[in-house]
Amino acid sequence: MPMEKTFNAAEAEQRLYDAWESAGCFTAGANAKPGADTFCIMIPPPNVTGSLHMGHAFNNTLQDILVRWHRMRGFDTLWQPGQDHAGIATQMVVERELAKDKSNATRREMGREKFLEKVWEWKQQSGGTIINQLKRLGASCDWSRNAFTMSGAPGAPAGEDGNFHDAVIRVFVEMYNKGLIYRGKRLVNWDPHFETAISDLEVENIEVAGHMWHFKYPLAGGETYTYVEKDEDGNVILEEERDYISIATTRPETMLGDGAVAVHPSDERYAPIVGKLCEIPVGPKEHRRLIPIITDEYPDPNFGSGAVKITGAHDFNDYGVALRNQIPLYVLMDTKGHMRADGKPYAEEAALARAIAEGHQNASSIDTTAVNLVPEKYRGLDRFEARKQVVADITAEGLAVMVPNPKAGEEGEPGLIPFVENKPIMQPFGDRSKVVIEPMLTDQWFVDAAAIVGPALDAVRDGRTQILPERDRKVYFHWLENIEPWCISRQLWWGHQIPVWYDQEGNEYCAASESEAVKMAHSRYAAKRPDQEIQVAVENGGNISVRDHAGREIELVSNVEAGWVADYKSGKPGTLFVELRRDPDVLDTWFSSGLWPIGTLGWPEKTPELEKYFPTDVLITGFDIIFFWVARMMMMQLAVVDQIPFHTVYVHALVRDEKGKKMSKSLGNVLDPLELIDEYGADAVRFTLTAMAAMGRDLKLSTQRIAGYRNFGTKLWNAARFAEMNGVFENDKSDGTVPTPSETVNTWIIGETARVRAEVDEALAAYRFNDAANALYAFVWGKVCDWYVEFSKPLLMDGTPEQQAETRATMAWVIDQCLILLHPIMPYITEELWGTLGQRSKMLVHADWPTYGAELIDADADREMNWVISLIEEVRSARAQMRVPAGAQVPMLYTELDTHGRAAWDRNEALIKRLARIESLDAADALPKGCITIAVEGGTLGLPLAGIIDVAAEKARLEKSLAKLEKELGGLQGRLKNPKFVESAPEDVVEETRDLAAAKSEEADKLRAALARLAELA
RNA sequence: GGGUGAUUAGCUCAGUGGUAGAGCGCUUCGUUCACAUCGAAGAUGUCGGGAGUUCGAAUCUCUCAUCACCCA
């Protein structure tokens, strides 16, 4: 049955993938040669909520190429797949699912344990989406080892067992014990939507249209000073008596929590009032708070008024100023970003703050963060609503700085208006929630990143880990050298719960398990109170378990009601009762994905896989997670097992739309890789991405380009179809033996194949994926299909049995090589052809990658075929330009033809005649008048077409060629005439230039002779 | 403000000191039995501007311009 005209990707892809998978082709070590080196890639785990986007398609195509290439080369290969549990994203998805049905309980109503059950249910139903999408792309991961960053966590259902949770907890405990993890109250990025802390990397700073308000902070007690403004030359441009200091702010609602006003120490304008108190111009008049005017390096004297309000608990810069100057931190908002409604009445709180400001009360003796300085009228308001009201109230009171109204004079327009600048401001947004992030002072857990960053920096500096492209090293260094403590706690439920328990005195017990913590608590109190019976009660999910000194459970009470503890205690007089409560927070997802390389291989167990594949080889990832992930993996692997996780990091750029815009849902310019695969096939999508993967450059993807590479697949398909139709594979041994033909064309194409194999290997070894793809494209289309298949036709159809046999064998081999070399990039079409064409001992996915090289290149065959090709091209070009009918068979004459040329003609006569449409070749003493001249190396030939050709046109053609030649020749000879060039340029360059000049000169002579003949005619 | 990169054919981009390239698009021709998802031929470039180093610069240095991204 003849082959179809095109490859049916839609039909074949699933079938082929299933065949690979069911044969275990992708499992770790499949196709490994005995004693082979290992090659391991860790997939950058996509979010379990994720679906395949173009970035994934790109990233995984490159990984798959490396993996398939190594596997075919006989490496012991593992591509480790998996997903990460994506704390915020997953919790968000599941909550949204629940909200679809109003009868469902909300997350808070159902409680932590029930909710987590729902999350696991969701994960088991929907968490595999991206796995199937990666399979459609052709990703040859070892799915039997699919990992998940929450596997093995308490409450994980059957099938979700694994060690990842153990690894995470163990690392936390070890780092805690080494003092690398600590808890503290610090300013963190708070997401008011999800009500959790997030790391600064999860914040997107976006420029938005904002306002800058200018307000007057009156000096305490009605004091005044002379405010003097000078220009650059020191001339006084403004001098006035003021009873206030002018403050500019983009966030008026935070004024309520101001602890000071700061000016630069060098700022003479405010020197008279430094150290004095001023009044925050908002809140009930009778309780106006006074704050000090201080100096600090932070304020920029040239920005705004030069004076800055300091709200230490709601701004990162202010926080630094407050810490340096012992300014109290007042928290104004709750976890939802609403103005606080808790605490004592404002009057009492304000009095306390006032006492602190005036020095009557020592701020360090009380927790100022508990003080609620939000006046009653603003309590409970959303922060943005509070801003509006604060602005309105201050303006109404006449404490806004006023400026002349540009519309003054128009009806109803006042002469002065409040000074409000419209200006772009950088505002932080949560990358998941898209709400404005609020800096908040909260208790959080931190990794002391500065303490573990050293080895991660060294490993890259000394080259044990190589980052490609090299310039991304700088990004890595810059971030690591300026590293901040990493906030790893999240106020979520979905994640690894922090393994720390607190007792009623606030002591911490960090332990890998609850019973471990119980024992720790027990021994702590036993040491203090050796004579007393001690029982430890642990609360966990509404249950209380009472344990003895060995951690044995004495009593378990479910659904504990209020007062139970007191009752229980009173029933046990003489027993010291220690109550433990586990920290409710979970760890940042990146803390667990930071352990991905060792965690997926079974650490802390000493598994054979860990032994074998770690350290892994290459990490391929997007530039956007150098900080998030690469740097953290480096730090954590080095901190935990003291080894680099991979020797090479290949950082790839962004896939953009064809206009260069970032793909985004809101712009609607997203190309869905799955739709593209449906339309063009996975191979075309993969080849496109590969061909465009120039290191460090963004990809602008257009469907036209994908269609082009789909056509490339079709081209390959049809070359194979031609071979099949000509019986090429009928007696094929397909054992990979290189044929040893005697026909020049056959020898030549074998050499070309060897050349491209070396190019592909070299390119892939250097991670130059685009070079590999383009080399193969040029070879398969430009050499095999354009020339070799055409050359083979006379041999296959009219050749001797010997010629036919060797050409069949050569073509079978060449096409096999195309399939093998293309397979890492285009796995489906190549596997399908492999299976269709011959009898194979194994699938292409496990075929042996060739190692032949330059020894197969025959220089004589090369030269001969290049001569033949250029002759054919010359003839075709001349014919087309002279409008010789395409189908016409024409005679050809030669006046001179050297021995090489003569031999080349003799050996390749049939194919030259066929491809150039020549009917005969004869010697002539001189070319007749009215002849198209063909000048080639070592020969002058002509097509005598007196009746057909247009003398003027032939003259024009020759003159044009000559002009071009002369221009080139001019450049070459100019160089050669320059004695300095001959002196200083390398010898081979000079030699090359001479040869080239000679050849051009010879060709030019031939053209001049031809022109002379034409002149005679005219 | 700091950093990184880009600027090469109409478009998208390769090209790290020695003859300016590819794909797409465009023009003309072509239904010869692998392929019209094709074939043949052709046109199109002061390699962003300027200066420098060099026998020689798209390539190295400086500078200016425009654009993009990252970090403040």
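Note on naming: letters A, B, ... go to the chains in the order of the sequence lines (proteins, then strands), and numbering restarts at 1 for each one.
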For atom [atom1] of [X] and atom [atom2] of [N], their distance in whole Å:
{"X": "A:Asn774", "N": "B:rG15", "atom1": "CG", "atom2": "P", "answer": "10 Å"}
{"X": "A:Arg957", "N": "B:rA41", "atom1": "CZ", "atom2": "C1'", "answer": "12 Å"}
{"X": "A:Glu937", "N": "B:rU19", "atom1": "CD", "atom2": "P", "answer": "18 Å"}
{"X": "A:Arg876", "N": "B:rG39", "atom1": "CZ", "atom2": "P", "answer": "11 Å"}
{"X": "A:Gln881", "N": "B:rA43", "atom1": "CD", "atom2": "P", "answer": "7 Å"}
{"X": "A:Glu484", "N": "B:rA72", "atom1": "CD", "atom2": "C1'", "answer": "12 Å"}
{"X": "A:Glu470", "N": "B:rU16", "atom1": "CD", "atom2": "P", "answer": "15 Å"}

Which pairs of donor and acceptor atoms, one on a side chain in residues 866-876 of chain A, lie under 3.5 Å apart (sequence neighbours left out)?
{"from": "A:Asn866", "atom 1": "ND2", "to": "A:Asp862", "atom 2": "O", "distance (Å)": "3.2"}
{"from": "A:Trp867", "atom 1": "NE1", "to": "A:Glu937", "atom 2": "O", "distance (Å)": "2.9"}
{"from": "A:Ser870", "atom 1": "OG", "to": "A:Asn866", "atom 2": "O", "distance (Å)": "3.3"}
{"from": "A:Ser870", "atom 1": "OG", "to": "A:Trp867", "atom 2": "O", "distance (Å)": "3.1"}
{"from": "A:Arg876", "atom 1": "NE", "to": "A:Leu915", "atom 2": "O", "distance (Å)": "3.3"}

Just checking [X]: base, sugar-phosphate only, or nothing, at a heavy-atom cut-off of under 4.0 Å?
{"X": "A:Lys964", "result": "nothing"}
{"X": "A:Tyr777", "result": "sugar-phosphate"}
{"X": "A:Ser984", "result": "base"}
{"X": "A:Glu790", "result": "base"}

Taking atom C1' in both B:rC24 and B:rG5, what distance in whole Å separates the two?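 To the nearest whole Å, 25 Å.
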What interatomic distance, in whole Å, is found between P of B:rG25 and the corresponding atom of B:rC38?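 Between the two P atoms, the distance is 9 Å.
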[X] side-chain N/O to [N] phosphate OP1/OP2 under 4.0 Å:
{"X": "A:Asn718", "N": "B:rU37", "value": "no"}
{"X": "A:Ser702", "N": "B:rC24", "value": "no"}
{"X": "A:Lys715", "N": "B:rG39", "value": "yes"}
{"X": "A:Lys5", "N": "B:rC38", "value": "no"}
{"X": "A:Arg994", "N": "B:rU19", "value": "no"}

What base-paired stems does RNA chain B take part in, with at least 3 consecutive Watson-Crick or G-U wobble pairs and both distances under 3.5 Å?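 Stem list for RNA chain B: B:1-7 with B:65-71, B:10-13 with B:21-24, B:26-30 with B:38-42, B:48-52 with B:60-64.
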Tell me which of A:Ala886 and A:Val982 sits closer to the 5' end of RNA chain B, going by the nucleotide each one is nearest to.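 That would be A:Ala886.
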Non-hydrogen atoms of A:Tyr828 and A:Glu13 that approach each other most closely: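 Minimum heavy-atom separation between A:Tyr828 and A:Glu13: CE2-O, 3.2 Å.
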Under 3.5 Å, N/O pairs linking protein and nucleotides 58-61 of chain B:
none

Decide yes or no, distance alone: a donor-acceptor N/O pair under 3.5 angstrom between the base of B:rU32 and the side-chain of A:Arg917.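 Yes.
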